[in-house]
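Because only heavy atoms are used, hydrogens play no part in the values below, and waters and symmetry mates are left out as well, while side chains stay in. Residue numbering restarts at 1 for every chain, and letters A, B, ... go by the order of the sequence lines.
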Amino acid sequence: MAGTEGDQFLKQATGRNTRGMLRVIILCLIAGAAVSSRLFSVIRFESIIHEFDPWFNFRATKYLVQNGFYSFWDWFDDRTWHPLGRVTGGTLYPGLMVTSGVIYHLLRFLALPVDIRNICVLLAPGFSGLTALATYLLTSEMVTSPSAGLLAAAFMGITPGYISRSVAGSYDNEAIAIFLLVFTFFLWIKAVKNGSVFWGALTALFYGYMVSAWGGYVFITNLLPLHAFVLICMGRYSPRLYVSYTSWYALGTLASMQIPFVGFLPIRSSEHMSALGVFGLLQVVGFVEFVRTQLPSKQFQTLLRALVLIIFLVSFGGLVILTLSGVIAPWTGRFYSLWDTGYAKIHIPIIASVSEHQPTAWPAFFFDLSMMIWLFPAGVYLCFRSLTDEQVFIVIYSVLASYFAGVMVRLMLTLTPIVCVASAIAFSQILDTYLDAEMPKLEMKENGTSEPAKVAATAILPDGLRSTRSPLIGVYSYASKLTVVGASAVYLMLFVLHCTWVTSNAYSSPSVVLASRLPDGSQHIIDDYREAYYWLRQNTPDNAKIMSWWDYGYQIGGMADRPTLVDNNTWNNTHIATVGKAMSSREEVSYPIMRQHEVDYVLVVFGGLLGYSGDDINKFLWMVRIAEGIWPDEVKERDFFTARGEYRVDDEATLTMKNSLMYKMSYYNYNALFPAGQAQDRVRGARLPAEGPQLSTIEEAFTSENWIIRIYKVKDLDNFGRDHQSAGAFDKGHKKKRASKRKGARVLRVE
Amino acid sequence: MRWLSSFLLLVLLGVAQALSSSGRKLLVVLEEAAEKERFGGFFGDLEARGFHLTFESPKSTSLSLLKHGERAYDHLLLLPAKSKGLGPALTANQLLEFMKKEGNILLTLSGDHATPTAVQSLLLELDIHLPSDRTSLVVDHFNYDGESAKDKHDVLLVPYPKASRPDVKNYFSGEGVIAVPRAVGQTLGNESPLLAPILRAPSTAYSYNPKDEADIVEDPFAVGEQLNLVSTLQAHNSARLTILGSAEMLQDAWFEAMASLNGKAVKTANRDFVAKVSEWAFKETGVLRVGKMVHYLNEGTGKKSNSSAALPQNNPKIYRIKNDVSFQVPISEYSHTHWTPFTPPPSDSVQLEFSMLSPFHRLPLSPLSQTANSTLYGVSFKTPDQHGIFNFRINYRRPFLTNVEVKEQVTVRHFAHDEWPRSWQISGAWVWIAGIWVTVAGWVGFVAIWLYSSPAVGAAKKTQ
């Protein structure tokens, strides 16, 4: 009775409704799981903005909420890049801030006044739920099996590759960009399938949103043309493709040009040329198709040949000329480093110094994608079986994204959606095959001969055996079904376990607050960063300029609210090199630089006491390299290595190293913590020289509890026109010695 | 009523402080109280100018320049002491510390006594050099006083100093000759811009050690105008150190003494000269004061006259590139008893820098108007075509004038999105605008023709 009721429940019209209902519930649960697995950091620590870039986004959002959209649009930020300032409104992707601003005002409109900080912290988890939904939609367009979409949504919801950039508090562009990426792809597939201007325009709309949100929009800008191009090459040109592509390109390009930071790039920079080229190609192909219907085939052949040749020559020549004359911007450094991973290290140290731009280590794939890494090729293979237009898209996407993810760590993020989709296709294929509980019916034996496989089987096998007389092709044994399904379930469990473990252990640390374990296993919070930033906020004048390495610029701006010289928006290499030079030179060289830039305080990060390896001495070589790029005569990387080529901080450190401002600031007074001659640097495992460095042009102002942050105040000019070293010596009681004998000619004073 | 009382208070304050711009407490360090008599005229003059004199011996235990980290006196007059050391309260570090707190020092040397070590190391630190043998005197065989130093030639008679450069104000000019008896000459280092000589020795003078047995002087410490009889140092915070080569100049005996220069009988003008030097040393002259800087957006001629501080747009924090900006600042100079309008020497001018890392503008300020106490200087200019964080900066440092270094930070922003000219205002854009509208019109026309011109015949033919 119950069985038949259940059958009815799942059949026909009610069945469809029930399934739809179930699907909605499952998707909601997936979204819930996606959101909640990203809340580790809030529960472990607090509702705080993470890392570096999110601090800028948070600050910009606050500015937007306080001053309104137009003053945000025209925002000139005079508290960064002192004294150059930054045209912030025109050099950022405003999508993220505007999204949070809209949510903020919407909630206020609904009489739910939520603090903007909480909106920013929870934006990424919220959007990850939407990403799961978009992945479901995208996958459902690819295959008929409904389970694939749900699996893909579940994978997308919890895969660490995506969680790494979207935990609560990770308020970065990627937080909403991945949703937009997947959703734009869904709309594009929909447009290509239907050949509708409506879907094409929707694609363009979300593409515009994507452009406003993340620089990674270039990925879409190149992937969609590539898809169209491959389809044309496969001879699959159709009016559907023409309509969807042209409507997307025309509207999408216009939409993207509305973002000030992008401006005229879509028609000038090389990265966007493929989209333009394919647009032109589609026109040509469309024209040729039209001509083909009008002309006899022989004339058409000659015309086609001539056309292809002329168009190729003209467009290629035009591209070369425009690039050479500078109308089209040549490829940027970041772009070159996509092809040659060694390029950045040699030519643009500032790009190479960012850990996100390093090539991916292979364990990272397993770490971020777990079992999907081997399901993914299977899914791609399955696409080849029918290879419809949209499945071609999967193939292209996976090939491209796999390559880019291998080149740059952060591009793992663009790979993740397609991995989820492809492995969901593969996994649902397995489940669909093995979860089918139906046994072959007896009648099938009789008319089974019609099936080609059975015909083949009967042809080969002798007819004498009963088992071979009417073979059943397929997996029908419960044992094998159970084995495979059970194994799959175990894999799924393991996947969930792995994802949760990675999320909780690797991706949920705010990095503003460090956590360590005490010997008894309890958690110990190291809060030096905030301690120091609040010290700055409370003890320095409102416009005291802080010099630090650019990594901490956004945090100082966000948490301490003080002007900085350089920050994580590394738009001006020379300015960063100036700071690098000040850090890596002798005090006498650094002091005029700091005076000129009106620096009041210098902030360094020092991990030697705690064993915190991400400190400035370990980043020091990048400062030296970047400074050397601009002043090769004054700063030389070689001078910071010992004769044997070692980078040392102990007794054997080179003189240049010991005299550099960074070294002095890091180790100033560090000896005082230890018994004489036993000062130990726990990061580099080095015993420091018995005599610590002396500072004359700056003085220690603040050192945080665990010595992670040290802040120095830049001294004013000496009141009596002496240099600081002799002034310091005089104050200590070393009287100047009278020059007993004059050397050389007497220098006369001239009024 | 309130304004009246505050005005009265101001007047009273003005009367009461009719003296140095930086305070009236003057400490005189004197070894023996008996010597006080010999400087009676000088001290009387100082008291007449409103100073409160406190006399202390260098050995006194109660002597302290600083009290609770602040200076206890405004000025310090150091008279020569016989002892080699000046005691723990007057070490070189203490003296420097006193000057760091903007205390002024008038330091006197004497050929009769050896210079104390504290003073020596202080001067050495400031790049002022004294002869290495402690008994050297300045001798001149041409400009000596025939009365008192007929044989030794160690009392110099020199005229009043002239301005060392045409762009420097001369606060020490006068008529007559100055007697400089038994002076210790100083030489000044060539590096420091803080040093300036007031009175240089005549070109025939040289440094001579009377204890030297030799007949000829070989390699004298310094000769001619390189020898300074009175020299000064003005620190970055405008604290003044004046070194008087001869303490005897201050004595009553030389104030209006009769002397003979090259046979002619002259009267020394020491009283006047010493007063001028001490006025400068204790900041009664040569002190500049900068009033409130005012800058505003100069929008057309209508608002130009409206430059008073009442205007709410004054001193905005932010300008745009290519804005017309006006800048005004009142500058006063302190003269003996009150603030007067400041006028720079004819060949000099106060300049305004509009700078970011380096000056984008360096403009001479021109006097706009004068009040009883100050001159209003101003200049108008256009902000450069470069956004950034700029400073209005006046950096006016001249010998004998207190340093003026003031700056105010403003932001110069870029054009906002709605501040550019509209497309139709740019004649070059008309072609493109026309193109857009032609395309629009053409498309609409095409659609209209397409819709309303259905093919009349042959509809059936086309189906093949």
Side chains of [X] and [Y] in contact at under 4.5 Å (non-hydrogen atoms):
X: A:D731; Y: B:N93; value: yes
X: B:H236; Y: A:D718; value: no
X: B:N391; Y: A:E598; value: yes

Once you round to the nearest 0.5 Å, how far does [atom1] of [X] lie from [atom2] of [Y]?
X: B:L357; Y: A:H597; atom1: CG; atom2: NE2; answer: 4.5 Å
X: A:D78; Y: B:H387; atom1: CG; atom2: NE2; answer: 12.5 Å
X: B:L126; Y: A:F730; atom1: CG; atom2: CZ; answer: 7.5 Å
X: B:L96; Y: A:F720; atom1: CG; atom2: CZ; answer: 4.5 Å
X: A:T80; Y: B:I389; atom1: OG1; atom2: CD1; answer: 7.0 Å
X: A:R722; Y: B:S192; atom1: CZ; atom2: OG; answer: 10.5 Å

Side chain, backbone, both or neither: which part of [X] has a heavy atom under 4.5 Å from chain A?
X: B:E191; value: neither
X: B:V168; value: neither
X: B:L233; value: side chain
X: B:A239; value: neither
X: B:L194; value: side chain

**Prompt:** Is chain B contacted by the side chain of A:D716, its backbone, both, or neither, given a heavy-atom distance below 4.5 Å?
**Reply:**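 The answer is neither part of A:D716.
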**Message:** Using heavy-atom distances under 4.5 Å, tell me whether A:K732 contacts chain B through its side chain, its backbone, both, or neither.
**Reply:**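 A:K732 has no heavy atom closer than 4.5 Å to chain B.
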I'd like to know whether [atom1] of [X] has more than 12 heavy-atom contacts from other residues, nucleotides or ligands below 6.0 angstrom.
X: B:F415; atom1: CZ; result: yes
X: B:W432; atom1: CH2; result: no
X: B:R362; atom1: CZ; result: no

**Asked** Under 3.5 Å, is there a donor-acceptor pair between the side chain of B:N237 and the main chain of A:N719?
**Response**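 Absent.
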**Request:** Pick whichever of B:P193, B:A222, B:S164, B:A416 has the most heavy-atom pairs under 4.5 Å with chain A.
**Result:** B:A416
**Request:** Kindly give the heavy-atom pair with the smallest separation between B:M356 and A:L84, and that separation in Å.
**Result:**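 That closest heavy-atom pairing would be CE-CD2, 4.0 Å.
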**Parallel, tilted or perpendicular, as decided by the 30° and 60° cut-offs, for the rings of B:H417 and A:Y70** =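 Judged by the thresholds at 30° and 60°, the geometry between A:Y70 and B:H417 is parallel.
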